[in-house]
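Structure record follows, encoded as structure tokens.
Each ligand, and each atom within it, is numbered from 1 in the order the structure gives. We use all heavy atoms of the structure for the numbers below, so side chains are in, but hydrogens, waters and symmetry mates are not.
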Amino acid sequence: MSSRTNEELICKLRDTHALTEEEYGALIETRTAADAELLAAYAVQARKKIYGNDVYVRGLIECTNICKNNCYYCGIRRDNPHADRYRLTGEEILTACKKGYELGFRTFVLQGGEDAYFSDAVLCDIVASIKENHPDCAVTLSLGERERESYLALYRAGADRYLLRHETADRAHYEKLHPKEMSFDRRMRCLNDLREIGYQVGCGFMVGSPDQTPGTLAKDLKFVETFRPDMCGIGPFIPHHETPFCDRRAGTVKLTCFLLSILRLIHPPILLPATTALGTIDPRGRERGILAGANVVMPNLSPLAVRKKYDLYDNKICTGEESAECRTCLETRMQSIGYRIVTCRGDIIKT
Ligand code: 5AD
Ligand code: FES
């Protein structure tokens, strides 16, 4: 056990960008409101040095809610017979990008379940078309686990970034969140493959997922410290009524913000979204995320007709708004806290 006070730990983190696993765990376990405030102040300072008051935007396009996996937490898991399944056509995806481009988006994130329809041939074609129509834009994929060759083909077709949340860096915890056929090692292998191929890579985890402890979170933080991803997506776990975790407690805004601040100090240039899940559990969740050290928001660009169907957790926000409305809404929210949304690809600024 560390004998340092939390204030000392926070200063150590600010100055060295690292703590021991035990120290991360102790800081989380014994944190006070004053610790959270101090941590957020240092996190914002670190972010401002690199990104000023700029907040990057990504247009999120939810391509498919068909998924071969059965994660216990997820509303679009295979065994939810009530999920109203859909997939977008290539043309619908390109139309969403065109609309997004006009609204000032220069990054498109194609996110979806593990849907076999999106073969390499189909996806490479879509990625290449987006890059052809919008050569000044970045394409981020978030489509789960694939073969290394597939990641390579997509990279060659023009994909720039890949988001694949590791969900938890603790093997036993991973096995509590996922059925037997899913593998912690495979998830980690995918992340390493993506990195080796040349993608800007994002990992991430839910905050307050069932059976998460300060100890498992400490492993997540140590993983981020050593893997040094370009992006890390974290948001509160929110139960979905038609999953095995329907009656588990949701994560909190406070802990999510505390972890955002820690992540910012571990790796100051990291791209950290204030997620939709954070906005779902608190009407000012995304603003609070930015004020804790996040620097990215991801308004929804999916066609209105499918919004409600991409139902990962209950009460998800932004399902009734047009793309333009989401964009304006976030613009206003960011301005209200002294930040501005910028029109650019929003690549990581490595210091
Ligand atoms: N609550 C919060 N986040 C969830 N995700 C999936 N289900 C939930 C839930 N019930 C997150 C997972 C996944 C990402 C696409 O959404 O972390 O990687
Ligand atoms: Fe598909 Fe969880 S069931 S991502």
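- Judged by distance alone, the side chain of Asn69 and the main-chain N or O of Cys71 form no donor-acceptor pair under 3.5 Å.
- Partners of Arg288 under the salt bridge (charged side-chain N to carboxylate O under 4.0 Å, His left out) rule, at least two apart in sequence or in another chain, are Asp282.
- Checked for salt-bridge contact, Arg146 and Asp193 miss the test: no charged N lies under 4.0 Å from a carboxylate O.
- Residue Arg165 approaches ligand 1 through these ligand atoms, each under 4.0 Å from one of its heavy atoms: 11 (C), 12 (C), 17 (O), 18 (O).
- Residue Ile238 has at least one nitrogen or oxygen atom sitting less than 3.5 Å from a nitrogen or oxygen atom of ligand 1, judged on distance alone.
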#### Entry: Step-by-step side chain to side chain contact (heavy atoms under 4.5 Å, CB included) determination, Glu322 to Lys99
CA-CA 11 Å; Glu322 279 290 354; Lys99 201 159 165 187; 3.5 Å; yes
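- Contacts of Pro239 with ligand 1, taken as heavy-atom pairs under 4.0 Å, are absent altogether.
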#### Entry: Criterion side chain to side chain contact (heavy atoms under 4.5 Å, CB included) on Val342 and Tyr51, from CA distance to verdict
CA-CA 11 Å; Val342 290; Tyr51 296 103; over 6 Å; no
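- For Ala250, the heavy-atom gap to ligand 1 stays at 4.0 angstrom or more.
- Looking at ligand 1, you won't find any N or O of His240 less than 3.5 Å from one of its N or O atoms.
- Interface of Cys74 with ligand 1, defined as ligand atoms under 4.0 Å from a residue heavy atom, comprises 7 (N).
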Side-chain atoms of residues 121-128: list all donor-acceptor pairs with protein atoms under 3.5 Å, sequence neighbours left out, distances to 0.1 Å.
none

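- When the heavy atoms of Glu62, Lys316, Arg77, Glu167 are ranked by distance to atom 17 (O) of ligand 1, first place goes to Glu167.
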